[in-house]
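One structure is given here, and the rest of the page talks about it.
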Protein chains: 2
Amino acid sequence: MNKEIIIVDDHQLFTHSLQILVNSFEGFEVSRTFKNGEELVHYFNENKTPSDLILLDMRMPIMNGLETMAWLKQNLPEQKVLALTVDQEDEHIIKMLRLGCRGYLLKDIDPEMFEHALNSTINTGYFTNKTISDAMSHEERKKNYHALTGREMEFLTHACSEKTYKEVAKDMNLSPKTVENYRESLFSKLQVRSRVGLVMFAIKEEIFKV
Amino acid sequence: MNKEIIIVDDHQLFTHSLQILVNSFEGFEVSRTFKNGEELVHYFNENKTPSDLILLDMRMPIMNGLETMAWLKQNLPEQKVLALTVDQEDEHIIKMLRLGCRGYLLKDIDPEMFEHALNSTINTGYFTNKTISDAMSHEERKKNYHALTGREMEFLTHACSEKTYKEVAKDMNLSPKTVENYRESLFSKLQVRSRVGLVMFAIKEEIFKV
DNA sequence: ATAAATAAGGGGAATTTTCCCCTTGTTGTG
DNA sequence: CACAACAAGGGGAAAATTCCCCTTATTTAT
């Protein structure tokens, strides 16, 4: 018996080609497709049996990926879902995983890897990849970010400049060696390995405005 | 005979206190105040003689600083204008100067400098300060930015990472020394003095998205 | 056709950044 | 009280960045 896959995506062209691809895999079959979350919900309201797997797009009109996932968590918690999307938005990834999503694929994945992801999700329940672990580590960073001390924050904003650390030290009225301690401490807290990493973190978190 | 100053600003409180300040200066007198550009235009439509100087706020309801300056350029080109504003928006500064504005002051200027600015504008016709030269140099940078070669652009995006230049060279299939040339070339074109400068430029210009 | 700009590459040296590990008060907080 | 966490400081060394000049083809304008 083939595993039944549901595709939810508003891009018709993509849905259809994906359908062909999935059908070409041994043991898989696309049973249904929907253009947005609402259509999927309508379907499940008629028919409360989960499919083997849902491939869920994130950006959709009417009812997007997150909303759909939230509904599924409430109403069909055992339903396995793989998010399938164009952009790596870490916030979304984390939220989706919290809502019980089994994996998060970028649409530029190669077909072989995609087939592996389908198998892994259906057999082991989960599929984890770099996209997800990256998002997780960013999440981890954020936790750590809230643990920065006032002085570290100050240093961080000073680091977002063309000043050398020696100059930063002068500006902060500190010894260059103390500044060096803040740098090391931030590197480990924020899990970056260079000053550029610090700067990009600060800008991403809007600690420093460009 | 006192020099006659017109103030155009929507913040009543500011206008009034500024008026007192200007009147306290030797040889200056606020002849009129308006709450926005439109009021000023109405006035000049009745009375086509330029004042000695207009102090023009940028952010105003109905007719803002830029629009007002554009009107003045058309209708009263000999009118001297000093822009007076809260924020250094380089784009605006450049536009204002192109429209014939004689100077651009931030409202946090100290009174002594302000008096100097008034004198300088009325006597020499212009007042130039750091605000303006900064804006100019950013403008200069932008010009240069459009002159970046494809390879330089590539390097620039690679530089926005925690990779070392050696690693960047590997990624770009180049010798570290060639990468070094791109770096030097960008430093001089973009007028930065460190990799952090490159990164901040790239982010500001949205060459690299955070 | 010829000068100028671009792309690619390099030598050598001074600074800066990064790493690893260590000390000493001060400030909490269970 | 005690033990942890924080702020401030440092030694020494390896690695990366930055600076200043120089070369050689290839394109591209004039």
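Below, read A as the first sequence line, B as the second, and so on, with proteins coming before strands; counting in each chain starts at 1. What you are looking at is a predicted structure, and each value in this text was computed from that prediction instead of being measured.
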Report the distance from atom [atom1] of [X] to atom [atom2] of [N], rounded to the nearest whole Å.
X: B:Leu186; N: D:dT17; atom1: CG; atom2: P; answer: 15 Å
X: A:Leu198; N: C:dT16; atom1: CG; atom2: P; answer: 18 Å
X: A:Phe155; N: C:dT17; atom1: CZ; atom2: P; answer: 9 Å
X: B:Glu180; N: C:dA7; atom1: CD; atom2: P; answer: 17 Å
X: B:Leu174; N: C:dT6; atom1: CG; atom2: C1'; answer: 14 Å
X: A:Glu184; N: C:dC21; atom1: CD; atom2: C1'; answer: 9 Å
X: A:Arg193; N: D:dA16; atom1: CZ; atom2: C1'; answer: 11 Å
X: A:Leu190; N: C:dT18; atom1: CG; atom2: P; answer: 13 Å

[X] side chain near [N] phosphate (N/O to OP1/OP2, under 4.0 Å):
X: A:Thr149; N: D:dA7; answer: yes
X: A:Tyr165; N: C:dT15; answer: no
X: B:Thr178; N: C:dG9; answer: yes
X: A:Arg151; N: D:dA7; answer: no

Contact summary for A:Gln19 and A:Thr33, nearest pair of heavy atoms: OE1-CG2, 3.9 Å

Along DNA chain C (nearest heavy atom to each residue), the more 5'-positioned of A:Phe187 and B:Asn181: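 First, find each residue's nearest nucleotide; the 5'-ward one identifies B:Asn181.
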
Of B:Val179 and A:Ser194, the one whose closest DNA chain C nucleotide lies more 5': B:Val179

Proximity of A:Phe127 and A:His116 rings by center, below 6.0 Å: yes

A:Arg195 to A:Tyr165 six-membered ring, cation-pi geometry met (6.0 Å, 45°): yes

Row check, A:Phe187 ring normal vs A:Arg183 NZ/CZ: under 6.0 Å, within 45°: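 Cation-pi check for A:Arg183 and A:Phe187: passes.
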
Check: A:Glu152 side chain, D:dC6 base, donor-acceptor under 3.5 Å: no

Heavy-atom side-chain proximity of B:Leu118 to B:Phe25 below 4.5 angstrom: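 Yes, their side chains come closer than 4.5 Å.
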
What nucleic acid atoms does [X] come within less than 4.0 Å of, heavy atoms only: base, sugar-phosphate, or nothing?
X: A:Ser175; result: sugar-phosphate
X: B:Arg183; result: base
X: B:Thr164; result: sugar-phosphate

Upstream residue (5' side of DNA chain D) when A:Tyr182 and B:Lys166 are each assigned their closest nucleotide: A:Tyr182

Proximal nucleotide (of D:dC19, C:dG12, C:dC19) relative to the B:Lys177 side chain: C:dG12

